[in-house]
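Computed from heavy atoms alone, side chains included, the values below leave out hydrogens, waters and symmetry copies. Every chain is numbered from 1 and lettered A, B, ... according to where its sequence line falls, protein lines coming before strand lines.
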Amino acid sequence: MQETYVPQSIEPKWQARWEKESLFKLKGQGEKRYILEMFPYPSGKMHMGHVRNYLIGDVLARYFRARGFDVLHPMGWDALGLPAENAAIQDGRHPAERTRENVAQFKAEMKSVGYSYDWDRELATSDPEYYRWNQWFFLKMRQMGLVYRRMNRVNWCTSCATVIANEQVKDGLCERCGCEVALKRMPEWAFRITRYSQKLLDNLDTLTDWPDRVTSMQRHWIGRSPGAEIVFKIDGSDDAALTVFTTRADTLFGVTYVVVAPDHPLIPRLVNDETRDAVAAFADAQAKKAAQAKKDEEPDKEGVFTGAYAIHPFTGAKVPVWAANFVVSDYGTGAVMSVPAHDQRDFEFAQKYGLTIRAVIRPAEGDSIDASALEHAFEDDGVMIDSEGFSGLTSAEGREKIGAALQQKGLGGPAVTYRQRDWGFSRQRYWGTPIPVVYCDKCDPDHEGISVPESDLPVRMPDIDVAKVLTGRGEPPLAKVPEFVNTTCPKCGGPARREVETMDTFVDSTWYYARYLSPRLDTAPVDAEVAARMLPVDIYVGGPEHAVMHLLYFRFWTMVMKELGLVTVEEPVKRLVTQGIVNGPDGRKMSKRWGNVVSPRDIVAKYGADAARTFVMFAGPPEKDIDWSDEQVEGCARFLNRVWRLAFANVGTARHDKPMGGETGRALEIRRAAHRALAKVTDDIERLSFNTAIARVMELVNTLTPMKPEGDAEEAAMAEAIRLLAAMLSPVAPHLAEEISESYGATECLQIQGWPAFDPALAAQTEVNYAIQVNGKLRGQIQVAADADKDAVIALAKADAKIAAQLDGKTIRKEVFVPTRLVNFVVG
RNA sequence: GCCGGAGUGGCGGAGUUGGUAGACGCAGGGGACUUAAAAUCCCCUUGGGGUAUCCCCAGCGCGGGUUCGAGUCCCGCCUCCGGUACCA
């Protein structure tokens, strides 16, 4: 052991040894732990957020491995996606080339931090041997009826003549050319995730180890809403009818108009010669406004009368049908019944356009309301009035009875609506998984798309001339590659065209966790046998920004994989950890713009990986945002130096195995401190409270440092304490820990040595400190044997001079006794 | 607006089922060592007050409440962060 701690010299040494000994491989036997971090999109450089993300997983992986679990801890690359393609449009470099370079750089940086990955399982989603299984899933899901074509609105840049992503729209303008963006309806491919809405919702109750904030956001995103669908026939038409969805069927008799979305499919049948142009103009104007709407502004409610009247299903009254901007076409049925007396939004609209207001609910207690004098809608539940046979029912009863009555009449009935929408997954990109579909005019005249046979997978991305194909303009890139587009029909063998759209990259990340189990398997995406043993993922670590989209797709896909017999679990992840952001030293998000970016590479070079690791874990609990702090990193480096000096100071007397005698005096003190620290550190890591675990180790070092052991017993105790110290530190500062462990005689790495067990007798407190309160105020403290009973403690407390003075002349009304904690005398 | 989360010393944070608020670290102050500096080590460090090795009062965003006892539970607010967009 050298006298001075030089992390740069010991870190590469241990990294090489771990690799040589293949310490991070799955053994295939024993109790498993699958620790996973969300895999990165390999952009140029790794940043501190990545470091933290993988560190949380790495500390756990190292801990569980030491505990004897068979740990899987893999890493891969979410390599497909928009940034590589956009960069290619800029500089003409092929996305594959750029990705390869980025991955190499990323991987080298990861290795310098000392993560314990099994690199043999590395995967990249841009690999045809990976994305072929995306295509395989597409085919299976199409057979299951989970894939369909639909029309959807997209951002369309008229100047680029292409579809652009939401994030490419800046203030309603195209980021690239600065032109206006319009909404355009186009066909797209979609997954029917809504078939699983109820299950996705119900299963949230089983995810007890997920943060509440995530399950609650998912619940809200799925947005189950029980209510009723109600059919309003259109006056003067035999078959035209509007179906509305409402949660307030009890207000049905208060309906004075009906509103449809500006792009509702029935509009052509609602308008007449007088209103046709006005309604069309209104729809156009709204589409443009919607595309350019600022996020923080609520547009004014605007509408236009369609010219049609709807017939009330009970009263037969004719109410006007309006088109308005506050009804959205892809929620519910795209049409609502308006009850201005009992819905604030309807109320405001009715006032603006002079529509009738009719009250049909009165407060449960109190007088009925005067519709003509209303200032706000009365939105509470109450008692139904002026509602034919339903009058007198409570709102809750009314909703049920009206639902049933509608069903009997064949004009609707109870219905549930979800806010969640199906997942449109086709993209007009090159750097993505090609959708395995072919169009043949002969066999498929309606152009529904013929699935490519499984045996023809993968459908590979073609090699391209980047400058010609990745222009960011006009038709999708793949359409510009004739060798790709032109193919033969799998049915008739005649000429056919390939689908030129690719898949959303969210598809790649729905099932990668299962691919790590058998990354080179070429007969199926997942080895069902291995999956049965290894799933679910025990701990999944990632950013809270994925709380809804990724994690819902991920859960959905797992349900599908279960139906396909690939996995036995319905939920992919047992415990979810959402880690906070690493901000710059100024507390702002690290960004080039603020000049506050801290590079892991620089930090590792300057302080060593262990100091960087210790700081990131010590700065705060995993789920909280932390600010980078050079001073704190230096503090951590100082701490590791103190550990080193402590180990070095005692290494000379630790070589020979000395008998662990002398369970008294300083030897005992040393052993107690070490075992107590070990007990706390173990508990803290189990609770994912890494910052306090490190604090415990610091305390131990502070306790041990001034001790200068003399004699065999003390020296043996100190050697034991330092070996335990190394073990405790090994998940967080593994290189330093190994070096110390080796210097203290270990021949095996700490992962093999295992996590030490603390001696409960040594860890236990022999004496405890009781707080003595009088009327809840702290008035003194006493030291008592840990096993003293209530009467003994109270007697000692009363004997204390200060307490006696406080109690003098007063009547004790109550004595509160909390074992090992406190006594509270309530006096009058 | 709605949904979710957070608010504790000069700073990052600790306080696990209600039980001694401020562990641990940083910064700061004082001291030791040194010709000097760095490094290291030791002591102090929430605020206010006092009859000062000890004691009192206040204190966890604000205002109430429950309780012997509240940072922790309940009600009403404020501020900040994240998500979302007229959701019928």
Practice problem: Between A/Phe326 and A/Arg696, just flag the one whose closest nucleotide in RNA chain B comes earlier from the 5' side. | Solution: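 The residue whose closest nucleotide sits nearer the 5' end is A/Arg696.
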
Quiz item: Closer to the 5' end of RNA chain B via nearest nucleotide, is it A/Cys636 or A/Gly332?
Solution: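 On the 5' side of the pair lies A/Cys636.
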
Self-check item: Under-4.0 Å side-chain N/O to phosphate OP1/OP2 contact, A/Asn702 with B/C24
Solution: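 Answer is no, no contact under 4.0 Å.
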
Quiz item: Aromatic rings A/Phe506 and A/His550: how do their planes relate, parallel, tilted or perpendicular, breaks at 30° and 60°?
Solution: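 Parallel, since the angle between the ring planes stays under 30°.
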
Self-check item: Side-chain donor/acceptor contact of A/Gln632 with base of B/G25 under 3.5 Å
Solution: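 Such a pair exists between side chain and base.
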
If I take atom [atom1] from residue [X] and atom [atom2] from residue [Y], how far apart are they, to the nearest 0.5 angstrom?
X: A/Leu411; Y: A/Ile230; atom1: CG; atom2: CD1; value: 9.5 Å
X: A/Asp610; Y: A/Leu729; atom1: CG; atom2: CG; value: 7.5 Å
X: A/Leu704; Y: A/Leu724; atom1: CG; atom2: CG; value: 10.0 Å

Quick one: label [X] by what it contacts on the DNA or RNA (base, sugar-phosphate, nothing), any heavy atom closer than 4.0 Å.
X: A/Val214; value: nothing
X: A/Gly635; value: sugar-phosphate
X: A/Ser225; value: sugar-phosphate
X: A/Gln773; value: base
X: A/Val336; value: base
X: A/Asn641; value: nothing
X: A/Asp212; value: nothing

Rounding to the closest angstrom, what is the interatomic distance between [N] and [M] at atom [atom1]?
N: B/G13; M: B/A6; atom1: C1'; answer: 14 Å
N: B/C41; M: B/U34; atom1: C1'; answer: 13 Å
N: B/C68; M: B/G30; atom1: C1'; answer: 43 Å
N: B/U35; M: B/U20; atom1: P; answer: 50 Å
N: B/A37; M: B/G48; atom1: C1'; answer: 40 Å
N: B/C54; M: B/G18; atom1: C1'; answer: 31 Å
N: B/C62; M: B/C78; atom1: C1'; answer: 7 Å
N: B/U8; M: B/G15; atom1: C1'; answer: 10 Å

Tell me: [atom1] of [X] to [atom2] of [N], nearest whole Å?
X: A/Met698; N: B/G13; atom1: CE; atom2: C1'; result: 12 Å
X: A/Glu699; N: B/G22; atom1: CD; atom2: C1'; result: 13 Å
X: A/Arg213; N: B/C81; atom1: CZ; atom2: P; result: 16 Å
X: A/Arg638; N: B/C26; atom1: CZ; atom2: C1'; result: 8 Å
X: A/Ile626; N: B/A6; atom1: CD1; atom2: P; result: 18 Å
X: A/Ile222; N: B/U84; atom1: CD1; atom2: C1'; result: 15 Å
X: A/Trp628; N: B/C26; atom1: CH2; atom2: C1'; result: 14 Å

Where the side chain of [X] is concerned, which of [options] is the nearest nucleotide?
X: A/Thr246; options: B/A88, B/G4, B/A14; value: B/A88
X: A/Phe245; options: B/G4, B/C68, B/A88; value: B/A88
X: A/Pro621; options: B/A14, B/U16, B/C86; value: B/A14
X: A/Asn824; options: B/C3, B/U16, B/G69; value: B/G69
X: A/Arg645; options: B/G12, B/C86, B/C41; value: B/C41
X: A/Leu822; options: B/C24, B/U20, B/U84; value: B/U20
X: A/Arg642; options: B/G13, B/U40, B/C41; value: B/C41
X: A/Val328; options: B/A23, B/C68, B/A88; value: B/A88
X: A/Asp684; options: B/U16, B/A14, B/G25; value: B/U16
X: A/Arg419; options: B/U40, B/A88, B/C87; value: B/C87

Please confirm whether [X] and [Y] have ring centers closer than 6.0 angstrom.
X: A/Tyr257; Y: A/Phe349; answer: yes
X: A/Phe253; Y: A/Phe314; answer: yes
X: A/His342; Y: A/Phe347; answer: no

Strictly by Watson-Crick or wobble contacts shorter than 3.5 Å, is anything paired with [N], and which nucleotide is it?
N: B/G4; answer: B/C81
N: B/C62; answer: B/G76
N: B/A23; answer: none
N: B/A36; answer: none
N: B/C41; answer: B/G31

Quiz item: Taking atom CD of A/Gln2 as the centre, does the number of heavy atoms from other residues, nucleotides or ligands within less than 6.0 Å exceed 12?
Solution: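 Open: at most 12 neighbouring heavy atoms sit under 6.0 Å from CD of A/Gln2.
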
Exercise. Please check if atom CD in A/Glu634 has more than 12 non-hydrogen atoms from other residues, nucleotides or ligands closer than 6.0 Å.
Key: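 Count over threshold, so yes.
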
Do [X] and [Y] pair up side chain to side chain, a donor and an acceptor below 3.5 Å, judged on atom types alone?
X: A/Asp684; Y: A/Ser689; value: no
X: A/Gln781; Y: A/Asn769; value: yes
X: A/Thr578; Y: A/Glu623; value: no

Quiz item: What is the minimum heavy-atom distance between A/Leu678 and A/Thr682, and which atoms define it?
Solution: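 Taking A/Leu678 first and A/Thr682 second, the nearest heavy atoms are O-OG1, 2.7 Å.
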
Practice problem: Mind telling me if B/A21 is syn or anti? Syn here is a glycosidic angle within 90° of 0. | Solution: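 Nucleotide B/A21 adopts anti.
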
Practice problem: Identify whether the glycosidic angle of B/G59 places it syn (within 90° of 0) or anti. | Solution: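 Base orientation: anti.
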
Practice problem: Strictly below 4.0 Å, heavy-atom distances to any atom of RNA chain B: list the hits from residues 810-821 of chain A, or just say none. | Solution: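 A/Lys814, A/Val816, A/Val818, A/Arg821, in order of number.
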
Practice problem: Summarise how protein sits on nucleotides 50-60 of chain B as a single string, 5' to 3': B when a protein heavy atom is under 4.0 Å from the base, S for sugar-phosphate-only contact, - for no contact. | Solution: -----SSSS--

